[in-house]
There are 2 protein chains.
Amino acid sequence: MTSIKDVAFAAGVSVATVSRVLNDHPAVRPDTRTRVLSAVTDLGYRPNAVARSLRTHQTRTLGLVISDVLNPFFTELARAVEDAARGRGYSVVIGNADEHAALQEHHVRTLLERRIDGLLVSPTDGGTSMIRDAVAAETPMVFVDRWIPGLDVPVVHADGRPAVHDLVAHLHSLGHRRLAIIGGPSETTTGNERVEAFREALESHGLPLPRRYIGEGDFQTESGRRATAAFLDLAEPPDAVFATDNLMALGAMDELRRRGLRVPQDMALAAFDDIPWFLHTDPPITAIAQPTAELGHRAVGALIDLVEGRTASSVTLTARLVTRRSCGESEGSRS
Amino acid sequence: MTSIKDVAFAAGVSVATVSRVLNDHPAVRPDTRTRVLSAVTDLGYRPNAVARSLRTHQTRTLGLVISDVLNPFFTELARAVEDAARGRGYSVVIGNADEHAALQEHHVRTLLERRIDGLLVSPTDGGTSMIRDAVAAETPMVFVDRWIPGLDVPVVHADGRPAVHDLVAHLHSLGHRRLAIIGGPSETTTGNERVEAFREALESHGLPLPRRYIGEGDFQTESGRRATAAFLDLAEPPDAVFATDNLMALGAMDELRRRGLRVPQDMALAAFDDIPWFLHTDPPITAIAQPTAELGHRAVGALIDLVEGRTASSVTLTARLVTRRSCGESEGSRS
DNA sequence: CGATCACATGGTAACGATTACATGCGACAT
DNA sequence: ATGTCGCATGTAATCGTTACCATGTGATCG
């Protein structure tokens, strides 16, 4: 591999001068600059980011640890993050935890060893020790979507509570009274927030939320199917199910279909996180949409502020309900 | 940040010994080993992968450049790749080209500067100069799914031709005669292969493939919608459309829905790449499924062979047709 | 008993860049 | 003419590791 030394030799200058040209330092005579530049292209020289990082103590790279790449919400988030980061001159390295604590630890560790400049994380349930270490070591960090309570780390997320209230009102107005929810892992903030908001909303309509109507999910398809099966095996099954993420909604549909049940006649269905496919499912699914791209952009903004020595504060956006036909036919349904 | 030097001081040994412990070199007395190890945990020392890479000339990192993360096929591929790589002790850095040549160049460049050990790429249309450079510089590289003809680089992909023939037979048996296709960018191998296979299959049934029945797509949702709109505006629209990826199929559905047309009565629809949502769309969509996970695993296997100095050869798997209801009702429809 | 050997450990030169400091040189003012 | 200044460039230290070579210390053996 050709190094800065080879370029220096070819151009008949010192490595310092080559470095100056490469970092366009002003104090370089125009003709030497062109001489160096042509040596660079002649040799096909490519700067070694590893060496540069070692020397400068910065990698211009952000780490992003998400709980599940296969979840379209996180895919979109990742894309937005990469976009924003690239726009600011940073790269992004993604670690997919697959909703698995040990994997999350693994990725945080390797990212830290790579000396990424900052860390964006949407923590899974459990396995927070590595993250606490990182915070203690003052690694610039921002939580996005989910967070770990009690840590002094800015959080960029969307508040889903108003939308959950809207959803419950929507279901109530369509005559549903036995409302069930499939929650996420108990220790994720989003899981809790969504279940709590659901419970509050039900209360405000005078409806109970019995324990058997709270399904235990893990944000993965299969758990949505299982929870739905459990609901359907109940003596008095619910007449509406709210899946707190889109993958579990998919699982719920799988199970309903398997049993030959129709949505919304036999069971109403709604999901947290809207995705393009929900428009074309049978029936189109009512969902709560997060401003995903903005979430990603704001999170990157906050993180880069931290990385570059400024301060950053938490950001709360809001999610909104998008009603379609999966809860029943209503008058004013927006696409 | 604490370095190996600090650990050495704390443990009362030299940096060489610490390094030996960290890389579990045999020649270290058990008691010094434990002394060093406890110093490591006391100080919360984390090895600096940047320095290590500079010294060892390897990063134990693979680059993966894909054409579009938002496409579930590539998301799944990326997951499989990361999985396989992690199992072999490698990390993966993903670059998303968004079907955009310039972005692909950008990612290849930064990955190369990062000195990744090997590159896995599913090239977009155009912008191949950086890739040619990399090949010339003997960067270990493997193409996955798509490839650039004429380069001596192993290709891991699934042959879709038999499945396309099956699809055409299926459509023909259901009475469809005016078959159209929405292709990908003309320069992608997958785009070409799929259109060519479609044409051949049509010929074997004595059907023509007029130019106006070949839609120009770019593997993105919107182009699928546009191509479908163009088909529908024809004096004699096709009665079946084959979208050569799932995103364009989504676009086609968007347009059909917008015009209030029904699938399959008004228009049959099939897609390349199967995804979980296709089971639940209205109607469920007939698709050609690739062995995505295996594609990822085999590609990583081949690349690591190259990286570690062995040789690697191309791998061709096969895709298979999964019939559902979007082409019409048939007797034996599989899941 | 001295030579040999294995083993544990230490010293130190790279790896490829950046950057503070030194140097040389022409221009300019006095 | 000479001192001063600023500009272009070179020299060398440094970042945190690894790996080669040297060294010291017992143990083993003829």
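By convention in this document, chain letters (A, B, ...) are assigned in the order of the sequence lines, proteins followed by strands, and residues within each chain are numbered from 1.
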(message) Between B:Q104 and B:T124, is there a side-chain donor-acceptor contact under 3.5 Å, judged purely by atom types and distance?
(response) yes
(request) Whole angstrom is fine here: how far is it from CZ in A:R115 over to P in C:dA17? (result) 21 Å
(request) Specify the separation, in whole Å, of atom CZ of A:F9 and atom P of C:dA17. (result) 17 Å
Residues 21-28 of chain A side chain polar contacts: donor-acceptor under 3.5 Å, at least two apart:
residue : atom : partner : partner atom : Å
A:N23   : OD1  : A:R52   : NH1          : 3.4
A:N23   : ND2  : A:S19   : O            : 2.7
A:N23   : ND2  : A:S19   : OG           : 3.3

(request) Pick base, sugar-phosphate or nothing for A:V13, based on heavy-atom distances below 4.0 Å to the nucleic acid. (result) sugar-phosphate
Please list, one pair per line, the donor and acceptor atoms closer than 3.5 Å that link side chains of residues 76-84 of chain A to other protein atoms, with sequence neighbours excluded.
residue : atom : partner : partner atom : Å
A:R79   : NH1  : B:D98   : OD1          : 2.9
A:R79   : NH1  : B:D98   : OD2          : 2.7
A:E82   : OE1  : A:R86   : NE           : 3.4
A:E82   : OE1  : A:R86   : NH2          : 3.0
A:E82   : OE2  : A:R86   : NE           : 3.2
A:E82   : OE2  : B:H107  : NE2          : 3.1
A:D83   : OD1  : A:R86   : NH2          : 3.1

(request) Nearest whole angstrom, please: distance from the P of C:dG16 to the CZ of B:R114. (result) 18 Å
(request) For residues B:S67 and B:F219, determine if any side-chain heavy atom of one lies less than 4.5 Å from a side-chain heavy atom of the other. (result) no
(message) Tell me which residues in residues 20-47 of chain A lie within less than 4.0 Å of DNA chain C, going by non-hydrogen atoms.
(response) A:N23, A:Y45, A:P47
(request) Please confirm whether the backbone N or O of A:F73 pairs with a side-chain atom of A:T75, one donor and one acceptor, at under 3.5 Å? (result) no
(message) With each end axis built from five pairs of C1' atoms, what bend angle do you get for the helix from C:dC1-D:dG30 to C:dT30-D:dA1? Round to 10°.
(response) 60°
Between N or O atoms, less than 3.5 Å apart, protein on one side and nucleotides 12-15 of chain C on the other: list the pairs.
residue : atom : partner : partner atom : Å
C:dA14  : N3   : B:R55   : NH1          : 3.2

(request) Any pair with a residue in residues 104-118 of chain B that passes salt bridge (charged side-chain N to carboxylate O under 4.0 Å, His left out), sequence neighbours left out, goes on the list, sorted by first then second residue, please. (result) none
(request) Measure from the side-chain N and O atoms of A:H297 to the backbone N and O of A:A293, and report whether any donor-acceptor pair falls under 3.5 Å. (result) yes
(request) Please answer whether the main-chain N or O of B:V15 pairs with a side-chain N or O of B:T17 as donor and acceptor at a distance below 3.5 Å. (result) no
(message) Out of the candidates A:I131, A:V121, A:T128, only one should pair with A:V108 under the side chain to side chain contact (heavy atoms under 4.5 Å, CB included) rule; please name it.
(response) A:I131
(request) Establish, with yes or no, whether the OP1 or OP2 oxygen of D:dG10 is under 4.0 angstrom from a side-chain nitrogen or oxygen of A:S14. (result) yes
(request) Examine distances only and state if a side-chain atom of A:R35 and a backbone atom of A:A11 form a donor-acceptor pair shorter than 3.5 Å. (result) yes
(message) Please tell me if A:T17 has a side-chain N or O lying less than 4.0 Å from either OP1 or OP2 of D:dG10.
(response) yes
(message) Taking 4.0 Å as the cut-off, does a side-chain nitrogen or oxygen of B:S19 come that near to OP1 or OP2 on D:dT17?
(response) no
(message) What I'd like to find out is whether the side chain of A:F9 reaches to under 4.5 Å of the side chain of A:I4, using heavy atoms alone.
(response) no
